[in-house]
Amino acid sequence: MATVSLDQLRKVYPNGNVGVADASFDIADGELLVLVGPSGCGKTTLLRMIAGLETISGGTLSIDGRVVNEVAPKDRDIAMVFQNYALYPHMTVAENLGFGLRLRGHKPADIRQRVASAARTLELEQRLSSRPAALSGGQRQRVALGRALVRDPKVFLLDEPLSNLDAKLRLSMRVEIARLHRQLKATMIYVTHDQIEAMTLGQRIVVLDGGVIQQIDSPMNLYDRPANLFVAGFIGSPAMNLLHGTLRIGHGWTFATAHGDIELGEPPQAAAWRAWCGRDVVLGIRPEDLQPQDAGPAALSARLEVPEPVGNEIFLNLRFGGQALVARVSPRALPEPGSTVALRLALARLHLFDAQNGMRIDA
């Protein structure tokens, strides 16, 4: 396996559009790193630059300490798994798995050994004589993974490999990829627009927007301490509630919004927030940190519009003045639609952002 290093990597198209702006980070040997962001954020462009399928406009790309900016894709010792599987329909599974090795001049005995090993790892031994049309979507994706696996490359690149699968298959294939990574201890770079996929697979996650890296961190740090408003709104499902307003201090702390005041009492972050009183800020509240209040003082009251039962929990879609809010609650706490719900906040888990530049205000 190998390390990958990006130093001020940049992609500028002939029309002047910037696809990737000065990306710098290192990927450790054996790490599974995920590139995530909305469509058009530059994640696939960045992956294709690492693969050698996109020219590099500036900066340096190194694989295992070797600068590969001008190295052809076939000489970078990487293997790429695509979104659409890219299997040859007229070939059997065994032939698909071994095709790249044949092109590289491997001996038949070596090809048979590698194909058999990959088939065992991916549980495809009973399907080696089948053609792609006879396989399920999950099996086809495993063949695509196996075709990369037989190469024994330094780096695996996976470009939205699960996006064509249904929800149940995506879940099982996520488990498959995580298992494969643990077994191989391989360096993997994985691209997805699905933040749940990113959170469950990545050891570290690179969040991109508009070609710019917004934050690089572990999944839980991204969730618990988003660096800015974009990350706060993108990571998490349902998304974080974001309310614009100002902090005030009286007989306790209040967050004043155009839709009404939110009582904060004495938040643990008070010392760090004091300098921001009277200034435009954004308060972030995760849905699970907004809970119905049976008794005692409520932070705010909101009208329940639509409850969404999802089995082990319920998403309450609420209206606080003109502001939409979502609370994630126990299925046993289901008020009637149209009723007013008193809500309390988990004060220690509130997030505050500068309304001007969107950056996190640290407590």
Side-chain angles (χ1 to χ4, degrees), residues 34 36-39 41 43 162-163 166-168 170-171 174 192-202 205 207-209 214-215 217-245 255 257-260 262 264 281-293 298-353 355 358 360:
V34 176
V36 69
S39 297
C41 72
K43 55 189 184 294
L162 309 185
S163 60
D166 61 37
K168 185 176 180 181
R170 279 203 304 273
L171 175 59
R174 282 206 306 265
T192 180
H193 65 275
D194 184 334
Q195 49 96 11
I196 294 177
E197 206 168 282
M199 293 284 286
T200 54
L201 277 175
I205 300 173
V207 183
L208 293 117
D209 184 42
Q214 302 295 314
Q215 188 173 353
D217 220 324
S218 67
M220 289 315 301
N221 280 345
L222 286 175
Y223 192 81
D224 291 334
R225 297 186 63 80
N228 56 40
L229 284 171
F230 175 80
V231 178
F234 186 77
I235 297 294
S237 180
M240 182 184 287
N241 298 295
L242 299 170
L243 298 96
H244 289 255
F255 186 70
T257 80
H259 313 292
I262 300 174
L264 302 180
V281 292
V282 179
L283 184 69
I285 311 165
R286 290 284 182 199
E288 62 270 22
D289 298 328
L290 188 62
Q291 293 292 312
Q293 177 72 49
L300 71 141
S301 295
R303 181 170 53 85
L304 175 60
E305 293 195 320
V306 179
E308 292 183 279
V310 290
N312 64 327
E313 58 190 2
I314 296 174
F315 303 149
L316 301 182
N317 293 278
L318 304 147
R319 183 66 57 175
F320 174 59
Q323 171 78 46
L325 298 174
V326 179
R328 185 199 302 264
V329 304
S330 162
R332 292 174 292 280
L334 181 57
E336 288 295 320
S339 64
T340 298
V341 183
L343 298 156
R344 70 179 187 275
L345 308 180
L347 295 179
R349 293 183 53 80
L350 297 180
H351 308 262
L352 200 67
F353 303 91
R360 180 184 187 84

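In what follows, every heavy atom counts, from backbone to side chain, and hydrogens, waters and symmetry copies are set aside. Residue numbers start at 1 and run along the sequence shown. This is a predicted model, so every value here is computed, not measured.
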Min side-chain heavy-atom separation [X]-[Y] under 4.5 Å:
| X | Y | answer |
| --- | --- | --- |
| E308 | P238 | no |
| F320 | L318 | no |
| T192 | L201 | no |
| L325 | I285 | no |
| F234 | P38 | yes |
| Q291 | V329 | yes |
| L343 | L345 | no |
| R349 | D224 | yes |

Working to the nearest 0.5 angstrom, can you tell me the gap between [X] [atom1] and [Y] [atom2]?
| X | Y | atom1 | atom2 | answer |
| --- | --- | --- | --- | --- |
| L229 | M240 | CG | CE | 9.0 Å |
| R360 | N228 | CZ | CG | 10.5 Å |
| R344 | L300 | CZ | CG | 12.0 Å |
| H193 | C41 | NE2 | SG | 11.0 Å |
| L352 | F255 | CG | CZ | 7.0 Å |
| E197 | R170 | CD | CZ | 7.0 Å |

What's the shortest heavy-atom distance between [X] and [Y], and which atoms?
| X | Y | value |
| --- | --- | --- |
| L242 | F353 | CD2-CE1, 4.4 Å |
| P337 | E305 | CB-O, 4.0 Å |
| I314 | S330 | CD1-O, 4.3 Å |
| Q195 | V36 | CA-CG2, 4.1 Å |
| A198 | I205 | O-CD1, 3.4 Å |
| Y223 | H351 | O-CE1, 4.3 Å |

- [ ] Decide side chain to side chain contact (heavy atoms under 4.5 Å, CB included) for L264 and L350; before the verdict, give the C-alpha distance in whole Å, the side-chain angles of both, and the deciding distance to 0.1 Å.
- [x] CA-CA 10 Å; L264 302 180; L350 297 180; 3.9 Å; yes

Under the 3.5 angstrom rule, does the side chain of R286 hit a backbone N or O of R328 as a donor-acceptor pair? no

**Message:** Between Q323 and L243, does the side chain to side chain contact (heavy atoms under 4.5 Å, CB included) criterion hold? Intermediate values first, please.
**Reply:** CA-CA 8 Å; Q323 171 78 46; L243 298 96; 3.9 Å; yes

